[in-house]
Asker: 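Dropping the structure in here first, questions after.
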2 protein chains.
Amino acid sequence: MPPPFEVLADPTRRLILDLLRERPRSVGELVDALAISQPRVSKHLRVLRDAGLATSRVRAQSRLYTLRPEPLAELDAWLAPYRRLWEERLDLLERHLDTIPETPETPEPPGPAGEAAPPPEERP
Amino acid sequence: MPPPFEVLADPTRRLILDLLRERPRSVGELVDALAISQPRVSKHLRVLRDAGLATSRVRAQSRLYTLRPEPLAELDAWLAPYRRLWEERLDLLERHLDTIPETPETPEPPGPAGEAAPPPEERP
DNA sequence: ACGGCATATAACCATGCGGGCATACTGAGC
DNA sequence: GCTCAGTATGCCCGCATGGTTATATGCCGT
């Protein structure tokens, strides 16, 4: 019921989903793999179940959690119209890397290495 | 700098992005379109700028905010390995719609209305 | 220089969320 | 039945976050 956006906001939950993507896992396995407390894992699993992103089955004395990827389609649908945009822009960027664009006022370009002079902030 | 997942967790910010996707807008336009307070919009725009999802340019006395979709690629990349999964499953589902699926233990937490037969709860 | 519009920020408040600890529950085996 | 492994939940805390109101800042026209 809660939209998948909120669920994915937590990095731990993304990790859990990544683990469940490989294969179904029990709570204990997740606890070991993530090296975090068991209640913490259980709580995140609750959120994932409520969001329809995971289901649980009773296996022996433990519970097997399985990924249910369908709700992610909603995220994908939202993302779809944006995909073309950044793809186009990456094309353009590659096409003329030498052209120095005007510097918009917004600081922090995604330059991972090219951090040199902090642009004058609006009001420090 | 903050990962786009957290930024997209807020529905208002998703709306703002959707509006900016059509065309660049000033703060005032966003305020009118969303019918929310101006400081609220400004705060969300700050978050979007910090995440690299929007840039601002000074136009006359107002500011033009423009979408910068590149950071969304990270989200898309995370989503990619899941896409195949739900697509496959939708295929299978369509293929035999008549087969009644087994009811896993996972219940419907807040089943308010359209719930017909409550599946066997863990502890009836 | 001044007034006013457009926007950003500060201060403050309320709520929600993630995490830890302790505890209750469930199911299997004895 | 009891016990134990495995898991879920309750309670509490700290903190980040979103919202509001009031105010500061910036830019333009006069």
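First the proteins, then the strands, lettered A, B, ... as listed; each starts at 1. All values below were derived from every heavy atom in this structure, side-chain atoms included, with hydrogens, water molecules and symmetry-related copies excluded.
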Asker: Establish, with yes or no, whether the OP1 or OP2 oxygen of D:dG6 is under 4.0 angstrom from a side-chain nitrogen or oxygen of A:Tyr65.
Answerer: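 No, outside the criterion.
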Asker: In whole angstroms, how far is the C1' atom of C:dT26 from the CZ atom of A:Arg57?
Answerer: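 Between C1' of C:dT26 and CZ of A:Arg57: 18 Å.
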Asker: How close or far is atom C1' of C:dG18 from atom CG of A:Leu34, stated in whole angstroms?
Answerer: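 Roughly 15 Å, once rounded to whole Å.
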Asker: Base, sugar-phosphate alone, or nothing: which one does B:Ser62 contact when heavy atoms must sit under 4.0 Å apart?
Answerer: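 The answer is sugar-phosphate, as B:Ser62 gets under 4.0 Å only of primed atoms, P, OP1 or OP2.
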Asker: Mind listing the N/O atom pairs, protein and nucleotides 17-21 of chain D, below 3.5 Å?
Answerer:
| from | atom 1 | to | atom 2 | distance (Å) |
| --- | --- | --- | --- | --- |
| D:dG18 | OP1 | B:Arg13 | NH1 | 3.4 |
| D:dG18 | OP1 | B:Arg13 | NH2 | 2.8 |
| D:dG19 | OP1 | B:Arg40 | NE | 3.0 |
| D:dG19 | OP1 | B:Arg40 | NH2 | 2.7 |
| D:dG19 | OP2 | B:Arg40 | NE | 3.4 |
| D:dG19 | OP2 | B:His44 | NE2 | 2.5 |
| D:dG19 | O5' | B:Arg40 | NE | 3.2 |
| D:dG19 | N7 | B:Lys43 | NZ | 3.2 |
| D:dG19 | O6 | B:Lys43 | NZ | 2.7 |
| D:dT20 | OP2 | B:Ser37 | OG | 3.1 |
| D:dT20 | O4 | B:Lys43 | NZ | 3.1 |

Asker: Could you tell me how far apart B:Leu48 (CG) and C:dA8 (P) are, to the nearest whole angstrom?
Answerer: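 Going from CG in B:Leu48 over to P in C:dA8 covers 12 Å.
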Asker: Can you list everything that forms a salt bridge (Lys or Arg N to Asp or Glu O under 4.0 Å) with B:Arg23? Sequence neighbours excluded, please.
Answerer: B:Glu29
Asker: With A:Asp32, which residues qualify under side-chain contact (heavy atoms from CB on, under 4.5 Å), at least two apart?
Answerer: none
Asker: Who are the salt bridge (Lys or Arg N to Asp or Glu O under 4.0 Å) partners of B:Arg25, not counting sequence neighbours?
Answerer: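 Checked B:Arg25 against salt bridge (Lys or Arg N to Asp or Glu O under 4.0 Å); matches are B:Glu22.
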Asker: For B:Asp10, give me all partners under salt bridge (Lys or Arg N to Asp or Glu O under 4.0 Å), at least two apart in sequence or on another chain.
Answerer: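 Applying salt bridge (Lys or Arg N to Asp or Glu O under 4.0 Å) to B:Asp10 gives none.
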Asker: What pairs with A:Pro4 under side-chain contact (heavy atoms from CB on, under 4.5 Å), at least two apart in sequence or on another chain?
Answerer: A:Glu74
Asker: Give every residue pair that meets the ring pair (Phe, Tyr, Trp, His ring centres under 6.0 Å) criterion with at least one member in residues 6-49 of chain A, sequence neighbours excluded.
Answerer: none
Asker: Tell me whether A:Asp18 is salt-bridged to A:Arg14, with the criterion being a basic N under 4.0 Å from an acidic carboxylate O.
Answerer: no
Asker: In whole Å, I'd like the distance from the CZ atom of A:Arg49 to the P atom of D:dA8.
Answerer: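 From A:Arg49 CZ to D:dA8 P: 6 Å.
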Asker: Between the side chain of A:Tyr82 and the main-chain N/O of B:Ala73, is any donor-acceptor distance below 3.5 Å?
Answerer: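 Between the backbone of B:Ala73 and the side chain of A:Tyr82 there is no qualifying donor-acceptor contact (under 3.5 Å).
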Asker: So does A:Gln38 reach the base of D:dA8 with its side chain, donor to acceptor, closer than 3.5 Å?
Answerer: yes
Asker: Rounded to whole angstroms, how far apart are CD on B:Gln61 and C1' on C:dG3?
Answerer: 12 Å
Asker: Where along residues 14-28 of chain A does a heavy atom fall under 4.0 Å from DNA chain D?
Answerer: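 Heavy-atom cutoff 4.0 Å gives A:Ser26, A:Val27, A:Gly28.
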Asker: Return a table of donor-acceptor pairs under 3.5 angstrom between the side chains of residues 34-42 of chain B and protein atoms on other chains or two or more places apart.
Answerer:
| from | atom 1 | to | atom 2 | distance (Å) |
| --- | --- | --- | --- | --- |
| B:Ser37 | OG | B:Arg40 | N | 3.3 |
| B:Gln38 | NE2 | B:Ser42 | OG | 3.1 |

Asker: Atom CD of B:Glu29 and atom C1' of C:dC5: how far apart are they, to the nearest Å?
Answerer: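 Taking CD of B:Glu29 and C1' of C:dC5, I get 15 Å after rounding.
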Asker: Please report, rounded to the nearest Å, how far the P atom of C:dG18 is from the CG atom of A:Asp50.
Answerer: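 These atoms are roughly 12 Å apart.
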